A.B. asks: 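I'd like to ask you about the structure that follows.
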Amino acid sequence: MRLVEEVAVTLTSEEREVVRKRLGREPNIIEWAVIEALWSEHCSYKSSRNILKMLPTEGVQVLVGPGFDAGLIDIGDGFVLSVHIESHNHPSAIDPYGGAATGIGGVVRDILSVGTRPVALLDSLRFGEIESSSHSRWLLRNVVKGIADYGNCIGVPTIAGELEFDQSFERNCLVDVMCIGAGRREEVVLPMATRPGCLVVLAGNTTGRDGILGASFASQSLDSDEEGKRSAVQIPDPFIEKLLIDALTEMFEQRLISAVKDLGGGGLATALSELAYKGGVGVDVDLSMVHRRETDMTPVEVLVSESQERMLLLVEGQKLERVSRMLEKYELQFSIIGRTVEERFVRLRWEGTLIAELPLSVLGDAPSVARASRRPEYLDTLRNTPPPREPEDLNKVFLNLLASPNISSKSWVYEQYDYEVGVRTVVKPGDADAAIIKLPNGKLAAVKLDGDSKKCYIDPYRGAMWIVSENFRNLASSGAKPCAIVDHQQFGDPGKPDVYWCFKECVRGVADYCMAVGVPVVGGKVSFYNEDLVSGRAIKPSPVIGGIGLLSDEDMVTTLSLKRSGDYIVVLGVTTGELGGSEYYEYIHRICGGEVPLVDPLSDWQLIEAVLNLRRMGVLRAAHDVSKGGLAVSLAEMAVRGRIGLTAELSKLPVRGRVLRRDGLLFSEGGSRIVVEVDRERFREAEMALRRHSVPFAVIGETGGNEISIKMNGEQVINLTVGEVEERWHYSLERLMEGYS
Amino acid sequence: MRVAIAKFPGSNCDQDVAYAISRVPGAWSEVVWHTELSPERYELVVLPGGFSYADRLRAGAIAAHTPLIEKLIDYVKDGGLVLGICNGFQILVEAGLLLGSLLPNKGLRFICKWVSLRVMNSDTPFTNAFEESEVVKMPIAHYEGRYYAGGQALRLFEERRVAFVYADERGGVSEECNPNGSDNSIAGVFNDTFNVLGMMPHPERASDPLLSPYGTEHGLRVFLSVANYVKGGA
Amino acid sequence: MDSKSLLEGSKLWVVEARIQLKSSLKDPEGETILRDLLHKRGVSGVEEVRTAKLLRFKVRSHSREDAESLIRKVCDELRLYNPVSHTCSVRVGEEV
Amino acid sequence: MDSKSLLEGSKLWVVEARIQLKSSLKDPEGETILRDLLHKRGVSGVEEVRTAKLLRFKVRSHSREDAESLIRKVCDELRLYNPVSHTCSVRVGEEV
Ligand SMILES: Nc1ncnc2c1ncn2[C@@H]1O[C@H](COP(=O)(O)OP(=O)(O)O)[C@@H](O)[C@H]1O
Ligand SMILES: [Mg+2]
């Protein structure tokens, strides 16, 4: 067999021993291929499992937590939300268009795997510095086009996301995509084989040799030869995906399927094993029955192919005819490849002959891998970075900051996404801190993805906490109460103690925060080995958090634009002076270091409740959290979006710690803060409510005019027209990305 | 009003149109798979937005060759009403039911955003609920939306066959607020008997104030117009 | 005659259809490549860029002429190009 | 030497770059055209459809070879195609 030498190369000798012992014999090559796929880091979490245990995963609304293809949340009235996050980093680094597109395809099939239909997509993207790197611009342009072409074509709106640029992603871009699904509670099916006697149907795309190099991807040289029959590149076919979505939706409604499972990493090998192992029932499958693109594929190739847009269905015999008719209506190809059996084995055949037989007991969890962990020494150096001198002309600094790709409006990205399809997008990208969708039961949910690698590099624990804090403030500023999150942890080689320590700290940060406020983690993902093969340099630690919040009613919907002249601008929360990882340090001063803001989950929660309460009372007209770029940028965004100017006095800000300089007050990202526009006539009510919530606050200015005027002790610090600010903030990214250059 | 919404492989906005129509008093609609649709049973056939056949070859090009289109040609001859939205417009153009062609946007990117439209003719089955020259808000979302009239643009205006043009908030027309580079900012056109309308903006996405950033429901008026017309009110 | 005997003596030809915007129409993609890529990166000597789409068919038929005329017909009748805005030229390549 | 004299004696060449998916990769667009258009409309004899993109450059240079190598370089270095998934072939057509 041709693939012999390529199979089972990543298992360690100890792992091989475990397999032999559990099985009581030497597995054959096909059996090795199955175990190899199943025990890959990607599928087995062998390096991360023990650390992820720190995360709180339970909650009254959680129906299914981590462990399946998607988490499930009960949203009442007989409906559920499903959610999952995935990355496609390595594929996107070499084929940004196809890599990003197939990433969307994959996460959408996860949502289908629990019997729900996709209703919204989010993306979180990290690239090198696009101002100087044409390579990074090329990656960004094609990744966004890949997401757009795929998401738009399958009719799932991409409604929110985030974008970060940092030198450490120059050779390893990060492409994370998150999908939200919805469905009726009684239509939920979990991806497991629980009953013998079901037919195993493979539907969708033909199986070809594409993606067969998937597992060992990172080590493939980039210029794979044209003649080579196998390819690491996967060609996206959103048309088939769309037909799968429509066909499955109809089949869910008619209860035609007992279980569905997407084919992801490891292809059939993983999908079949997981179905069997999770449900405790065996499967008996003939691989030669699979509909293939190439005629001369070997059994192993069919088994591990990662061809996209395929789903496995378990169907009871008497429903097969209706299932076939549905698949035919949508002109989807399919093959009946086997059935579930009483015997607890995964049995694989080729033209009837048994070629592999693995008891479920062997397939179980891969042994955990213990990893060394050590706090990197560079952290001390970073932390003790001295502050820069305060620039004279902060007005100019501010204009430069507004043009930073990390701060500039992301409309160039999200306008390429059809964020409206499905007629459920209540708040569109750019209009509020989070996007809001209408769910099938009529309720509203806010969603957002956030990350901040610059902060996590300097202080992984504080950085990770900060991301959760920002995410929750984004949800609250839009009128929603945080209800659940998914997290995606992305790092370099876990075999490096430094890297592993950072991973642990990031997970601990997320866990501590969520535990403190009682918000569960319903799913997530880990992606290691994001390293530059040439220099061996790892990306900055990059956890990203996808948060879901629920709104109590339509009146809670809050956007960030200023609404009326003459209202008060109120800052909620205390301003602190840590500037480590702030865009002001990194972009203006080119400083990587300093202290990263420490957030306190409990006071965050008070803040969140206060904002929601003000909105409920009807005294709050706009809200926007303080994040990248600090208070000055938040104020600018509110003014630009509302086309109303404002005045602000920095000395009024409640501060903690040492006396802050003007640059700190303007650009600090510290403290957990939300800026709100409060109805002037009803300010007394707002004030009383804020006292009740014990949230520190101050009126720092008023809305009105067409200038953004910020003073310190009466002295002008920033003075620009709304138009000037808009010109900078709104068009900088677009100008960089225009055309092809 | 009885409405059929034709679903092709890859149609995306079929349910969205159904939702909008559910907001029209007395209207009833159903989504029908393209091979099963008999137009004569309905008072309006909608070709919804989306990516029929994934926009392969050209947006709308493959759907334009399906048997349903042949039926629609007869239906239109008999005075039946057909509305094509976005991909539906592209199909109608490809099928020759509407004049012109839809090319990739001038910026070479997919564009999703809310735009202002000026109503150019409010005296038709599809637009009688609008005021003449009124400015309305609806979203667009397309890659191949640059309307090219093949030298017939002026004729279209003269014959009042332009339904909407892209405009600014006050109804002014300029290249700046022409999002895709369409000939004379044309956003929607009628056939010569005014029973077929094709438009790139999505009225169904502008049919519920909750879903509009402006709190408006201008898109709903397209469907209200047809309902008026069918009732004999226009 | 069954289909097998019909195909007897037939060969596989490569036929290509080239679909391009009429020359009177602006080609934004070509212009962007010229202006934003070539010129900005200092490439000189290129005076125009136009784009086209190529469809490459493998056709089984008895003669070169048959293959070509089949594709010509397909292009025109199934509107593989839009005659309002595009032109289409067909040529047979080598036999496969 | 000013640019005018540099260009003296130069001619205008048409150079074409053809960018297509590697043959080992699936071409979904070609498949759809074949399956959902040609086959459904009863066209027989066509066994495969693959798509490609054509870029047509007008290049001013002293020789055919210069024109060709300039475009070859442009395609490779300015990444007009991604070598991971696509191939790109360049050829000079007639002088304009
Ligand atoms: N990659 C992206 N995809 C879609 N929307 C995006 C993307 N990046 C940013 N956005 C949108 O732009 C707006 C601003 O995002 P961001 O700067 O991340 O806000 P915040 O600082 O509040 O987290 C949000 O509406 C967000 O959803
Ligand atoms: Mg925010």
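Any value given below was found using the heavy atoms of this structure, including those in side chains, with hydrogens, waters and symmetry copies removed. First the proteins, then the strands, lettered A, B, ... as listed; each starts at 1. Nothing here was measured: the structure is a model prediction, and the numbers come from that model.
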A.B. asks: Just verifying a value: how many Å separate B/Arg58 CZ and C/Ile19 CD1, rounded to the nearest 0.5 Å?
C.D. replies: 7.0 Å
A.B. asks: Should we count CD of B/Glu176 as having more than 12 external heavy atoms under 6.0 Å?
C.D. replies: no
A.B. asks: Taking CD in B/Glu175 as the centre, count heavy atoms belonging to other residues, nucleotides or ligands within less than 6.0 Å. Is the count above 12?
C.D. replies: yes
A.B. asks: Minimum heavy-atom separation for B/Leu108 to C/Glu29, with atom names?
C.D. replies: CD1-CA, 3.6 Å
A.B. asks: Given the rule in the side chain to side chain contact (heavy atoms under 4.5 Å, CB included) test, do C/Lys26 and B/Leu103 qualify, once you have shown the distances and angles that lead to the verdict?
C.D. replies: CA-CA 11 Å; C/Lys26 240 167 102 81; B/Leu103 303 174; over 6 Å; no
A.B. asks: Of all heavy-atom pairs between C/Leu25 and B/Tyr148, which one has the smallest distance, and what is that distance?
C.D. replies: CD2-CE1, 3.4 Å
A.B. asks: Select, from B/Gly151, B/Gly150, B/Ala149, B/Gly100, the one with the greatest count of heavy-atom pairs under 4.5 Å involving chain C.
C.D. replies: B/Gly100
A.B. asks: At a heavy-atom separation under 4.5 Å, does C/Leu80 approach chain B through its side chain, its backbone, both, or neither?
C.D. replies: both
A.B. asks: In Å, rounded to the nearest 0.5 Å, how long is the span from CD of C/Glu31 to NZ of B/Lys106?
C.D. replies: 12.5 Å
A.B. asks: Please answer whether the main-chain N or O of B/Ala95 pairs with a side-chain N or O of C/Arg79 as donor and acceptor at a distance below 3.5 Å.
C.D. replies: no
A.B. asks: What distance separates C/Asn82 CG from B/Leu102 CG, expressed to the nearest 0.5 Å?
C.D. replies: 9.0 Å
A.B. asks: Please state whether the side chain, the backbone, both or neither of C/Leu78 comes within less than 4.5 Å of a heavy atom of chain B.
C.D. replies: both
A.B. asks: Decide if atom NZ of B/Lys71 counts as having more than 12 heavy atoms of other residues, nucleotides or ligands within a radius under 6.0 Å.
C.D. replies: yes
A.B. asks: In Å, rounded to the nearest 0.5 Å, how long is the span from CG of C/Leu21 to OG of B/Ser101?
C.D. replies: 8.5 Å
A.B. asks: Against chain C, work out which of B/Leu57, B/Leu99, B/Val93 has the most heavy-atom pairs shorter than 4.5 Å and name it.
C.D. replies: B/Leu57
A.B. asks: Quick one: side chain to side chain donor-acceptor pair (under 3.5 Å) partners of B/Tyr42, sequence neighbours excluded?
C.D. replies: B/Glu30
